[in-house]
There are 2 protein chains.
Amino acid sequence: MLSRACEYGVKAVICLTIASREDRIKSIGDISRNIQTPEAFTAKVLQKLVRAGLVNSIKGKNGGFYINKEKAENLKLWDVVQIIDGDDLRYRCLLGLSNCSNAKPCPVHESYKTIREDLVRFLKRTEIKILSDRVIRGESILKIETILRTN
Amino acid sequence: MLSRACEYGVKAVICLTIASREDRIKSIGDISRNIQTPEAFTAKVLQKLVRAGLVNSIKGKNGGFYINKEKAENLKLWDVVQIIDGDDLRYRCLLGLSNCSNAKPCPVHESYKTIREDLVRFLKRTEIKILSDRVIRGESILKIETILRTN
DNA sequence: TCTTAATCGGACAATTTTGTCCGATTAAGA
DNA sequence: TCTTAATCGGACAAAATTGTCCGATTAAGA
């Protein structure tokens, strides 16, 4: 459904949205620890978000990433997915026909269109802000809990 | 959404369902030409369908593939997807959390569950038979039309 | 019986996606 | 000013998916 890169991106954005409540800036180390993703790869994804202007970065010592508050204001899950994965989800034919359309439909074109539209609508109405609030309230999680071993 | 292998598999099954109306047996060459997919790779996918018992094969000269009519009787899109891609679609968390559940939900768990269930319901109610009828009636296609050049 | 055309399976190759490493640059703070 | 710790970008590596090739086997039909 979503690529790994996209999963990481969404989680990172949620993580930074949470941090932004106390104007905290986070290093890649922080972030990847918080969301339990491979550090270097997550860094690549962060770069993409920076280039898209959704996330700002500060170089040098004590540097890190923080979310662009203006853009974060009404940010939807869809926006993040778009930046990382593009709009394949919106257009791709279930059977992979490159020119699948109302005029030349694949056998499931009509019915699958509805499903796909529901999915896109879901992504478009889901606010990152609300997702981070859920995490803050402890109603949901961004990583699997790890058992602390003391030895 | 679906893997390439799965797209090919679904199209091959539709193709064989169409052929079965006249009890035609089809070689891999026939099939991959009909559905416009790479021959050798499609053969691998066919093997999987054979092992699953959905498709029968005849070796030797004039051999080929034909669909198991009994199994094809009430065959759903879901059944084919299951054979090729397994049931990832049914269970996978949108954010990739391996243990995402009602007890430990990711931030979109609740709402995405609905979307995923709709998708699965769609796959489960969609009959391969009906899809092939559409192709027979010329209402839909399995491959992009190719322009015939005469030179 | 021999040739031919088909599936079958395993090995291999190419491509894409995921993941790592490292050197360059940047800026903070001692 | 120097050390340290951070991002940035490019090159590289590993893994997964997609795709190809070929030899073995099988069976039809001349």
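Lettering of chains follows the sequences in order, A, B, ..., and the numbering in each one begins at 1.
- Set against C:dT26, C:dT18, C:dT7, the side chain of B:S27 has C:dT7 as its closest nucleotide.
- We find the CD-CZ distance between A:E22 and A:R24 to be 6.5 Å, quoted to the nearest 0.5 Å.
- Between the C1' atom of D:dA13 and the NZ atom of A:K44 lies a distance of 13 Å, rounded to the nearest Å.
- Distance CZ (A:R4) to C1' (D:dA15): 11 Å, rounded to an integer number of Å.
- In summary, the side chains of B:S32 and B:T42 do not present any donor paired with an acceptor at a separation below 3.5 Å, with no hydrogens or angles considered.
- Among the heavy atoms of the strands, none lies under 4.0 Å from B:L46.
- Nucleotide C:dT26 holds its C1' atom 13 Å from the CD1 atom of A:I25, rounded to whole Å.
- Across all strands shown, D:dT25 pairs with C:dA6; the Watson-Crick or G-U wobble distances both stay below 3.5 Å.
- The separation between B:N56 atom CG and C:dT7 atom C1' is 13 Å, rounded to whole Å.
- The partner of C:dA30, taking Watson-Crick or G-U wobble pairs whose two distances both stay under 3.5 Å, is D:dT1.
- Residue A:S57 places none of its side-chain N or O atoms closer than 4.0 Å to OP1 or OP2 of D:dA6.
- Under the Watson-Crick or G-U wobble criterion, with both distances below 3.5 Å, D:dT20 is paired with C:dA11.
- Between A:Y8 and C:dG19 there is a side-chain polar atom (N or O) within less than 4.0 angstrom of OP1 or OP2.
- Counting to the nearest Å, the P atom of D:dC8 and the CD1 atom of A:I28 are 7 Å from each other.
- Rounding to the nearest 0.5 Å places CG of B:L54 at 5.5 Å from CG of B:L49.
- Checking the phosphate oxygens (OP1, OP2) of C:dG29, a side-chain nitrogen or oxygen of A:N62 falls inside 4.0 Å.
- A distance-only check finds a donor-acceptor pair linking the side chain of B:D85 to the backbone of B:S3 [under 3.5 Å].
- Counting non-hydrogen atoms of other residues, nucleotides and ligands closer than 6.0 Å to CZ of B:R21 gives a total of 12 or fewer.
- Between the CD1 atom of A:I31 and the P atom of D:dA6 there is a distance of 12 Å, rounded to whole Å.
- Between the OH atom of A:Y66 and the P atom of D:dA6 there is a distance of 17 Å, rounded to whole Å.
- For A:K48 and D:dG9, the NZ to P distance is 13 Å, given to the nearest whole Å.
- Of the side-chain N and O atoms in A:Q47, none sit less than 4.0 angstrom from OP1 or OP2 of D:dT7.
- For B:K61, taking side-chain heavy atoms from C-beta onward, the closest of the listed nucleotides D:dC8, D:dT18, D:dA27 is D:dA27.
- Smallest separation of non-hydrogen atoms from A:K71 and A:A52: NZ-O, 3.5 Å.
- Each of C:dT18, D:dG19, C:dG10 was ranked by its minimum atom distance to the side chain of B:F41; first place goes to D:dG19.
- When each of A:G63 and B:E39 is assigned the nucleotide of DNA chain D with its nearest heavy atom, A:G63 is the one assigned upstream, toward the 5' end.
- C:dT17 is paired with D:dA14 under the criterion used here, namely a Watson-Crick or G-U wobble arrangement in which both key atom distances are under 3.5 Å.
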